[in-house]
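A short worksheet on the structure shown next.
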Amino acid sequence: MNCQNMTQTVKLILEDGTEIQGNSFGAFTSAAGEVVFSTAMTGYPENLTDPSFAGQILVLTYPIVGNYGVPGEELYESISRIFESDKIHIAGLVVNYYSEEHSHWNAAKSLGDWLKEYNIPGISGVDTRMLTKKLREKGAMLGKIVAEEDIALHDPNLDNLVAQVSPAGVQRYGQGQHKIVLVDCGTKTNIIRCFLERDVELIRVPWDYDFNTLDYDGLFLSNGPGDPKMCEATISHLQTALQGDKPIFGICLGSQLMGLAAGGDTFKLKYGHRSHNQPVKLTGTQRSYITSQNHGFAVDTATLPADWDMLFENLNDGTCEGIKHKTKPFFSTQFHPEAAGGPQDTEFLFDEFLTAVADYKQR
């Protein structure tokens with residue numbers, strides 16, 4: 001890390017006029033976005049490369065960040081074995097204490113140098129506890145990290161962020177027994193890994209691709225950033241798919257898209273769920289799971305048609321954490337069963353989806 005860079009000061013400015021001065025690390029540049037917080041204790045290489053964070057200035061509540069550096073890239077079936085996409089997606093990073101020294105067996109570079117590679121600013125020396133309390137009370141706010149040049153605030157939720165992070169063309173992986181179409185609205189790479197480890201042929205298509213023209217055994221809807229109502233093309237194609245009987249599984253944004261396609265509505269959460277420690281309960285049981293989450297919108301279960309039920313409930317605020325159809329093999333989770341970097345308590349849902357696919361093929 002360049003020590004000179006640590007002496008440069010920058011400001012975090014929120015839309016309510018709050019100004020917080022701190023030290024620059026990463027790129028010495030200005031950036032604007034929606035300021036959100038995550039309570040995950042580890043996993044910043046995975047979080048920063050999660051496309052669901054596109055357009056957001058991320059506040060990490062864990063007090064020491066950067067101490068284990070950033071691992072080098074490794075490929076698995078032409079995709080990353082380490083990261084959740086091929087680049088950093090956050091607009092900026094806010095931490096309490098940035099560790100200039102890092103030490104880990106697979107570290108290849110520092111967090112600050114990694115941020116510089118993608119021209120992403122970081123600010124340290126911030127009372128992230130105070131900042132998180134403010135965001136919890138007032139909700140996620142627009143903000144900006146200002147270096148030498150001031151910039152305007154920008155609301156990323158007004159952009160079609162999914163179109164920005166979704167791939168341009170169709171990609172294929174594996175030669176497995178089940179043919180699964182993955183609608184990529186900003187998918188995490190570990191979702192692809194989870195499928196490839198389960199002997200499937202995966203067809204990865206852009207967010208607006210008409211997957212109904214393809215021959216497939218099951219349909220998967222990925223996570224992604226922003227307001228799900230921006231994905232009008234995806235919702236339209238999904239409405240057609242819901243008229244059939246082929247199994248459908250959605251995660252995160254995919255759950256919201258399923259709710260909208262079914263005829264329900266979605267709403268913006270006050271400050272979202274972003275952590276590796278969100279408790280959810282399986283509806284109708286006393287069974288609960290600790291889950292990884294990263295989303296700012298949720299399905300309004302009161303608006304769902306009569307043939308749909310809530311599948312999981314958030315035990316912190318009672319919001320919807322997944323839905324299911326009462327008679328057809330359609331279900332979703334608002335949380336991340338693939339959960340890089342953890343916990344992986346609910347990865348079995350991939351197996352349940354593929355069991356439904358196998359059952360459908362045997363009809």
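Values in this document were obtained by computation on a predicted structure and should not be read as measured data. We use all heavy atoms of the structure for the numbers below, so side chains are in, but hydrogens, waters and symmetry mates are not.
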Please name the pair of heavy atoms, one in [X] and one in [Y], separated by the smallest distance, quoted to 0.1 Å.
X: His102; Y: Ala107; value: CD2-CB, 3.7 Å
X: Pro305; Y: Gly264; value: CD-N, 4.3 Å
X: Arg204; Y: Pro167; value: NE-CG, 4.4 Å
X: Val299; Y: Gln256; value: CG2-CA, 3.7 Å
X: Leu253; Y: Cys185; value: CD2-CB, 3.6 Å
X: Asp184; Y: Gly186; value: OD1-N, 2.7 Å

Measuring from [X]:[atom1] to [Y]:[atom2], what's the distance to the nearest 0.5 Å?
X: Thr128; Y: Asn96; atom1: OG1; atom2: CG; value: 4.5 Å
X: Ile123; Y: Gln21; atom1: CD1; atom2: CD; value: 8.0 Å
X: Asp217; Y: Asp215; atom1: CG; atom2: CG; value: 7.0 Å
X: Glu77; Y: Arg193; atom1: CD; atom2: CZ; value: 12.0 Å
X: Leu135; Y: Leu14; atom1: CG; atom2: CG; value: 7.0 Å
X: Ile251; Y: Cys194; atom1: CD1; atom2: SG; value: 8.0 Å

Under the salt bridge (Lys or Arg N to Asp or Glu O under 4.0 Å) test, which residues partner [X], sequence neighbours left out?
X: Lys87; answer: none
X: Asp265; answer: Lys229
X: Arg172; answer: Glu201
X: Asp351; answer: Arg198

TODO: Verify ring-ring contact (aromatic ring centres under 6.0 Å, His included) between Tyr62 and Tyr44, making sure each step is shown before the conclusion.
DONE: CA-CA 10 Å; Tyr62 193 69; Tyr44 57 78; 9.9 Å; no
Check whether any side-chain N or O of [X] sits under 3.5 Å from a backbone N or O of [Y] as a donor-acceptor pair, and report yes or no.
X: Ser38; Y: Leu60; result: no
X: Asp309; Y: Leu311; result: no
X: His336; Y: Glu338; result: no
X: Ser124; Y: Tyr97; result: no
X: Ser30; Y: Glu149; result: yes
X: Ser222; Y: Val183; result: yes
X: Gln293; Y: Gln334; result: no
X: Glu15; Y: Met141; result: no

Members sharing [X]'s hydrophobic cluster (side chains within less than 4.5 Å):
X: Phe297; value: none
X: Met310; value: none
X: Ile13; value: Val146

Sort and list the pairs that fulfil ring-ring contact (aromatic ring centres under 6.0 Å, His included) and have at least one residue in residues 142-185, not counting sequence neighbours.
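Listed by first then second residue: nothing to list.
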* Among Phe195, Phe330, Phe331, whose ring pair (Phe, Tyr, Trp, His ring centres under 6.0 Å) with Phe220 holds? ->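 The residue from Phe195, Phe330, Phe331 that satisfies ring pair (Phe, Tyr, Trp, His ring centres under 6.0 Å) with Phe220 turns out to be Phe195.
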**Asked** Is Leu111 close to Leu93 at the side-chain level, that is, under 4.5 Å between some pair of heavy atoms?
**Response**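 Counting from C-beta outward, Leu93 and Leu111 do come under 4.5 Å.
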*asked:* Any non-hydrogen side-chain atom of Tyr68 less than 4.5 Å from a side-chain atom of Pro45?
replied: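 The answer is yes; the side chains approach within 4.5 Å.
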Quick one: list whatever passes side-chain contact (heavy atoms from CB on, under 4.5 Å) with Gln164, sequence neighbours left out.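 For Gln164, the residues satisfying side-chain contact (heavy atoms from CB on, under 4.5 Å) (neighbours in sequence not counted) are Asp159, Leu161.
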For Asn67, give me all partners under side-chain contact (heavy atoms from CB on, under 4.5 Å), at least two apart in sequence or on another chain.
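Partners of Asn67 under the side-chain contact (heavy atoms from CB on, under 4.5 Å) test: Ile64, Ser99.
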Name the atoms and distances for all side-chain donor-acceptor pairs under 3.5 Å in residues 232-250, with sequence neighbours left out.
residue : atom : partner : partner atom : Å
Thr234  : OG1  : Trp207  : O            : 2.7
His237  : NE2  : Asp208  : O            : 3.3
Lys246  : NZ   : Tyr216  : O            : 2.8

Can you see whether Ser110 engages Asp113 through a side-chain donor-acceptor pair at a distance of less than 3.5 angstrom?
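Note: Ser110 and Asp113 side chains meet the donor-acceptor criterion.
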- Message: Could you check whether Gln278 and Glu321, counting side-chain N and O atoms only, form a donor-acceptor pair closer than 3.5 Å?
- Response: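 The criterion, which ignores hydrogens and geometry beyond distance, is not satisfied for Gln278 and Glu321.
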**Item:** For Phe312, all residues meeting ring-ring contact (aromatic ring centres under 6.0 Å, His included), sequence neighbours excluded
**Value:**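 Result, ring-ring contact (aromatic ring centres under 6.0 Å, His included) vs Phe312: Phe335.
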Sole residue of Asn223, Asn47, Asp50 in side-chain hydrogen bond (donor to acceptor under 3.5 Å, both in side chains) with Asn294
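Exactly one pass, corresponding to Asp50.
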Taking Asp317 first and then Lys270, would you say they form a salt bridge - that is, a charged N and a carboxylate O separated by under 4.0 Å?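 Looking at Asp317 and Lys270, the cut-off is not met.
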